[in-house]
Every structure is written in C-alpha cells, then in structure tokens.
Amino acid sequence: MKEKINGSEAIIRSIIEEGIDTIFGYPGGAIMPVYDALYDKGEKLKHILTRHEQGAIHAAQGYARVSGKTAVCFATSGPGATNLLTGITDAMLDSTPVVCITGQVASPLLGTDAFQESDILGMSTPVTKWNYQITDASEIPEVMAKAFYIARSGRPGPVLIDVAKDVQFAMLDFEYKKCNCIRSYIPYLPIDEKQVKAAAEAINKAQKPFLLFGQGVLFSQAEEELRQLVEKADIPAAWTLLGVSALPTNHPLNVGMLGMHGNYGPNIKTNECDLLIAVGMRFDDRVTGKVSAYATQAKVVHIEVDPAEINKIIPVHYPVLGDAKKVLSKLIPLVNENKHTGWIKEFKDAYETEFEKVIKNDIYRNNGKISMGEVVRVASEKTNGDAICVTDVGQQQMFAARYFQFNHTRSMVTSGGLGTMGFGLPAAVGAQIGRPDRTVVSFIGDGGFQMTMQELGTIAQEKIPVKIIILNNNFLGMVRQWQDLFFEKRYSFTNISGPDFVKLSEAFGIPAKRVISNKDLEGAVSEMVDHDGPYLLEVMVEKEDNVFPMVPAGASVSDILLEKPIA
C-alpha cells in the first residue's frame with residue numbers, strides 16, 4: 001500500500017528496504033533534509049560521521065569488501081560531492097559496490113552556478129557504473145532500487161544518485177519494490193556449455209597448468225569451488241593483489257602472489273606453463289608486465305563475468321563467460337583427477353630460492369634494525385592469521401600482501417587499481433564496522449597516514465577498535481625505491497617529515513607506542529593486539545629498505561629481480 005511521505009524519508013526508507021544497516025557520510029546544506037529524516041532511525045540505521053568525504057567513501061569501500069554487502073555513503077553538493085570522486089574512482093577500478101547519495105542545489109537553480117553547485121553527474125560519469133540525478137520526487141523508489149541492483153549485480157561497482165534539494169522536501173506516494181531486472185542491462189550472460197566443456201578438455205590435456213585467481217572469486221563466493229578445482233586437478237594457483245585470501249595462504253597448492261612485487265615462482269612459471277587458467281581477474285598491467293612477452297607459450301582459459309575483459313589485454317583461447325561460482329560448478333565434474341607432482345615441485349624450488357635471497361632477510365632481520373616484512377610477520381603471528389589486514393598504498397602494502405597469513409576469505413582490503421594513498425585508515429574504519437567480530441590490523445606508511453590522519457577523530461568518537469601500525473621510514477618509500485633503482489638515488493622530494501604520531505594519537509584519546517628496535521617489537525605488537533579498543537603503534541623501520549622481488553616497469557615477468565642490480 002502506498003504511503004504519502006516526503007523525498008528525504010523516501011530515500012531513507014529505500015535504504016532500509018535494501019537491508020542496509022550502516023551509512024558513512026558528512027552532512028551539509030544540500031543534503032540536510034535527508035539527514036533530518038535519518039535523525040530518528042537509529043534503531044535501523046547507524047551513521048558514521050567521518051572527518052572528510054574521502055574518508056566516508058573509503059570507509060564504505062572497506063565495509064563492502066569485508067562484509068560482501070553493498071555500502072552507502074552520503075555527501076552534500078559541490079565540494080562534498082567532488083571529495084567523493086577519488087574514492088568512487090577507486091571503487092570503480094576495484095569493482096566495489098557502493099551507492100553514493102549526494103545532495104544538489106534546488107531544481108530551479110541547476111545550471112546557474114549556484115552556491116555549492118557542481119556538475120557531479122558529468123564528473124562522475126566515467127568512474128561510475130551508473131549515475132542519475134533526481135529532479136522529481138516520484139522517481140525516488142524506482143531509482144533507488146535500480147541503484148542497488150546495478151551496484152551489486154554482475155561485476156559490482158559504484159553508483160551515484162544526485163538529489164536536488166527541493167525534491168527532498170517534495171511529497172510522493174511511496175511504495176518500494178526491489179529491482180531484479182532492467183531491460184537492456186544483462187549482468188550475467190547465459191553460460192555456454194560448449195565453452196565450459198572446451199575449457200575442461202584443455203585442463204585435462206595440460207601437463208603444466210597454472211591457475212590465476214582474482215577478486216571475482218570473492219565476489220561470486222566461489223572460494224569452495226576454487227579449492228575443489230585445484231585439488232581435483234592438482235593445479236598450482238596464484239593470486240592477484242585483490243584475490244588474496246580466496247584460498248588460504250597455507251594451502252599446499254597456493255603458490256603465492258602474482259605481479260610486480262609478487263613471488264618469484266608464480267612470475268617465472270607464467271612463461272613456462274602450457275595452460276594458463278584465469279578466474280575472476282583482468283590481467284592488469286601490474287600482473288602481466290610486458291604484454292607481448294606474457295605467457296606466449298601457453299593456451300589461455302579465461303573465466304570472467306564481464307565480457308569487456310575477454311581478449312582486452314591477453315588473447316584468450318578458451319573464453320568462458322559467466323559468474324565464477326556457477327562456471328566452476330559446471331567445470332569441476334568435467335575435470336579429471338590428476339597429479340602434477342614434478343610441475344608443483346618447480347614452484348617449491350623457486351620459493352626456496354626466493355626464501356634464501358629475499359624472504360629470510362625480510363622477515364627475520366638480525367641487525368637490530370626493523371624491516372617492514374618483519375613487522376608484518378609478527379603482527380600476523382600474534383593474530384594467528386585470523387585478522388583482517390587493511391593497507392594503505394606503497395611499500396607497506398606489498399610487504400603486507402606478501403607476508404601476512406590468511407586463514408579466512410575476505411581478509412585483505414587494499415587499493416588495487418587506483419593505488420590511492422590515504423586509503424588505509426578510513427578503509428580500516430569501514431572494515432572494522434563491517435566485521436566487528438574480527439580483529440582489523442591496518443599497515444600504513446607515514447606518508448599515506450598524513451593524507452587522512454584526521455580519521456583518528458572518527459575512530460575515537462565511535463570507539464572503533466582498529467589496530468593501526470604506522471611503518472615510518474620518513475620517506476615516500478615506494479617512490480624512493482624507484483628513484484634508488486632507476487634515477488641514480490636522486491631522491492627528489494620523497495624525504496618527508498611528520499608529526500609525533502604517538503602524541504597525535506594520544507591527543508585523540510587513542511593509546512599509542514613507538515618502537516625503534518626489533519627486540520621490542522614482539523612485546524609491543526602483543527600489547528597492541530591485546531588492548532581492548534583502538535591502538536596506534538608507530539614502528540621506525542629501515543629508511544632505505546626495498547621491496548623485492550620486483551618486475552621492472554616494461555619488463556617481462558621472466559625478468560623479475562630478486563635483488564638490486566649491481567651498477
């Protein structure tokens with residue numbers, strides 16, 4: 001039965017109807033009526049007031065990534081809306097389902113350069129899955145339902161709905177119907193049984209199969225099917241940065257991370273396998289390196305929900321369009337039980353080489369100094385591999401991905417495609433709210449931390465028990481590494497100072513400690529993990545530590561470096 005309510009109430013009711021329990025946002029004039037409608041909905045909707053709109057969208061991303069739910073964030077018009085754009089772009093590249101609601105000037109003022117008016121539709125069109133401006137209150141239920149359906153279906157992504165202020169006051173007859181179909185929008189193409197059969201035959205014939213899995217496995221909840229496939233056919237499997245945790249780290253067929261700072265074996269064996277099986281990943285340039293030299297000897301199976309990704313980067317011999325879970329469910333019965341003992345041993349041998357030349361020194365530093373890898377190892381051990389790991393972008397991101405242990409799915413939150421510095425702290429806020437039952441540990445560099453450190457205020461106000469580890473080398477570390485390797489150590493504007501992070505944290509009422517020697521590291525991490533509430537640990541790490549292995553830009557994955565070349 002229809003009910004007469006105003007536009008603002010209709011927006012809030014729509015969000016509740018979609019099963020949303022948390023909103024991240026920052027109020028302002030053009031969205032104030034919506035916030036007024038939110039005022040007495042505390043039992044159904046929790047609102048997290050971040051300290052910046054960029055913090056709101058990154059927190060929403062963290063929430064969506066760990067919970068598997070669509071996230072929601074609010075912002076006002078003008079600068080409020082434009083402050084979301086970095087996070088929206090990040091969500092688009094990393095396929096994160098977020099519905100952003102922005103206020104807008106009243107309909108009669110549109111196009112007049114009114115106070116805090118911005119063409120947020122024009123600006124967000126390239127970086128959203130869909131956007132729409134509501135200028136008629138009667139549209140609200142249908143548009144909101146479409147927004148949530150588009151954001152979560154097929155390959156997920158961000159949606160932005162811009163609502164004129166007069167619409168928020170206007171009355172409408174409200175009746176909400178969830179959207180399950182939009183004409184001309186086909187998020188899931190029918191699975192072609194012939195494609196599945198051809199892929200299975202290729203897997204059964206392969207002598208050196210190699211499986212690459214990405215975030216699409218997590219989106220489709222295909223973790224169990226992935227495990228069944230690799231175990232049945234005895235296929236070594238490696239993960240993209242966003243695919244990590246879909247298969248437990250300690251699984252015997254999990255051979256490590258792909259890409260620029262990935263493991264040695266997965267990179268060199270890409271150019272030695274006879275069949276490459278890609279599941280829910282898009283062959284990003286950080287994975288492939290030099291495309292013309294990538295897996296040219298191999299046949300390629302690509303299981304992918306988005307047809308635009310097939311043959312976009314790497315030529316595919318056996319495309320299989322469809323949701324990963326459904327495709328794998330059809331593929332597994334057609335795949336033969338097999339053993340590839342000798343092939344898998346080659347990965348183990350490559351790991352031993354990498355351990356001796358790189359890993360051992362990264363995670364067990366014996367010179368009194370502290371390496372980032374050692375901090376990650378200790379934090380992982382103290383949380384038994386059960387924590388959610390959230391990172392910022394840079395060296396700490398790569399060390400965390402390489403050395404944190406994952407026992408559970410949806411346990412890594414990081415900015416992949418866009419590489420957004422400042423992502424880590426607000427994303428950790430969202431991750432902790434999305435999974436309050438789990439410990440969240442966030443690794444952040446001193447540079448990235450200073451981009452969004454105001455979100456300590458959000459953590460303090462909401463008493464969010466996130467554990468923050470600042471890996472401080474007084475450098476913009478990843479840029480400095482490139483300057484070291486490729487610009488003759490000309491450290492142009494990468495040496496960065498910062499505040500006293502311990503005092504800053506304590507000023508917000510958050511306990512903090514600084515560690516300068518690795519003899520104090522384990523005790524400090526234990527204290528952080530055991531503390532009931534938020535905690536900040538600053539660790540002074542080696543200033544000029546580099547992340548290896550490394551595939552140099554423009555090089556083949558076979559040219560991966562295990563150490564700095566001798567000049």
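For the numbers below, each heavy atom of this structure counts, side chains included, while hydrogens, waters and symmetry mates do not.
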Tell me whether [X] contacts the main-chain N or O of [Y] through its side chain, where contact means a donor paired with an acceptor under 3.5 Å.
X: Tyr149; Y: Asn180; value: yes
X: Gln221; Y: Leu218; value: no
X: Asn254; Y: Asn250; value: no
X: Asn384; Y: Asp386; value: no
X: His317; Y: Val300; value: yes
X: Asp392; Y: Gly424; value: yes
X: His58; Y: Gly422; value: no
X: Ser380; Y: Gln405; value: yes
X: Asp362; Y: Gly373; value: no
X: Thr353; Y: Asp349; value: yes

No-hydrogen, no-angle side-chain donor-acceptor test under 3.5 Å, [X] and [Y]:
X: Ser411; Y: Arg438; value: yes
X: Lys269; Y: Tyr264; value: no
X: Tyr188; Y: Ser153; value: no
X: Arg152; Y: Thr70; value: no
X: Thr409; Y: Glu223; value: yes
X: Asn263; Y: Glu354; value: yes
X: Thr383; Y: Thr439; value: no
X: Thr125; Y: Asn131; value: yes
X: Gln297; Y: Asp274; value: no
X: Gln54; Y: Thr86; value: no

Closest heavy-atom pair and its distance - Ile120, Thr102: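 The pair with the smallest heavy-atom distance is CG2-OG1, 4.2 Å.
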Least distance between heavy atoms, Ser556 atom then Asn271 atom: OG-ND2, 3.3 Å
Glu17 and Lys177: CA distance, side-chain angles, deciding distance, salt bridge (charged side-chain N to carboxylate O under 4.0 Å, His left out) verdict: CA-CA 9 Å; Glu17 288 283 345; Lys177 295 179 181 178; over 6 Å; no
Worked verdict on Met412 versus Trp239 for side chain to side chain contact (heavy atoms under 4.5 Å, CB included): CA-CA 12 Å; Met412 176 75 163; Trp239 36 272; over 6 Å; no
Verdict with supporting geometry, Lys330 and Glu225, salt bridge (charged side-chain N to carboxylate O under 4.0 Å, His left out): CA-CA 10 Å; Lys330 291 178 178 292; Glu225 289 77 10; over 6 Å; no
Are [X] and [Y] ion-paired here, with the side-chain N under 4.0 Å from a carboxylate O?
X: Glu381; Y: Arg377; answer: yes
X: Glu352; Y: Lys348; answer: no
X: Lys208; Y: Glu346; answer: yes
X: Glu356; Y: Lys360; answer: yes
X: Asp437; Y: Arg435; answer: yes
X: Asp21; Y: Lys69; answer: yes
X: Lys194; Y: Asp192; answer: no
X: Arg13; Y: Glu18; answer: no

Ser220 and Val305: CA distance, side-chain angles, deciding distance, side chain to side chain contact (heavy atoms under 4.5 Å, CB included) verdict: CA-CA 10 Å; Ser220 65; Val305 74; over 6 Å; no
Pairing residues for His302 by the ring pair (Phe, Tyr, Trp, His ring centres under 6.0 Å) criterion, not counting sequence neighbours: Phe283
Within a radius of less than 6.0 Å around [atom1] of [X], do more than 12 heavy atoms belonging to other residues, nucleotides or ligands occur?
X: Glu224; atom1: CD; result: yes
X: Lys325; atom1: NZ; result: yes
X: Lys232; atom1: NZ; result: yes

Sequence-distant partners of Lys44, salt bridge (Lys or Arg N to Asp or Glu O under 4.0 Å), two or more places apart: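 If we apply the salt bridge (Lys or Arg N to Asp or Glu O under 4.0 Å) test to Lys44, skipping adjacent residues, there are no hits.
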Stepwise salt bridge (charged side-chain N to carboxylate O under 4.0 Å, His left out) test for Arg282 and Asp284: CA-CA 6 Å; Arg282 61 185 178 89; Asp284 177 80; 3.4 Å; yes
Pair listing, ring pair (Phe, Tyr, Trp, His ring centres under 6.0 Å) test, anchored in residues 327-353, at least two apart: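 Checked against ring pair (Phe, Tyr, Trp, His ring centres under 6.0 Å) - neighbours excluded - the pairs reaching residues 327-353 are Phe210-Phe347, Trp343-Phe347.
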Step-by-step ring pair (Phe, Tyr, Trp, His ring centres under 6.0 Å) determination, Tyr63 to Phe24: CA-CA 10 Å; Tyr63 176 94; Phe24 303 89; 5.8 Å; yes
Row check, Tyr318 ring normal vs Lys197 NZ/CZ: under 6.0 Å, within 45°: no
Approximate separation, where rounding is to 0.5 Å, of Ile277 CD1 and Leu328 CG: 10.0 Å
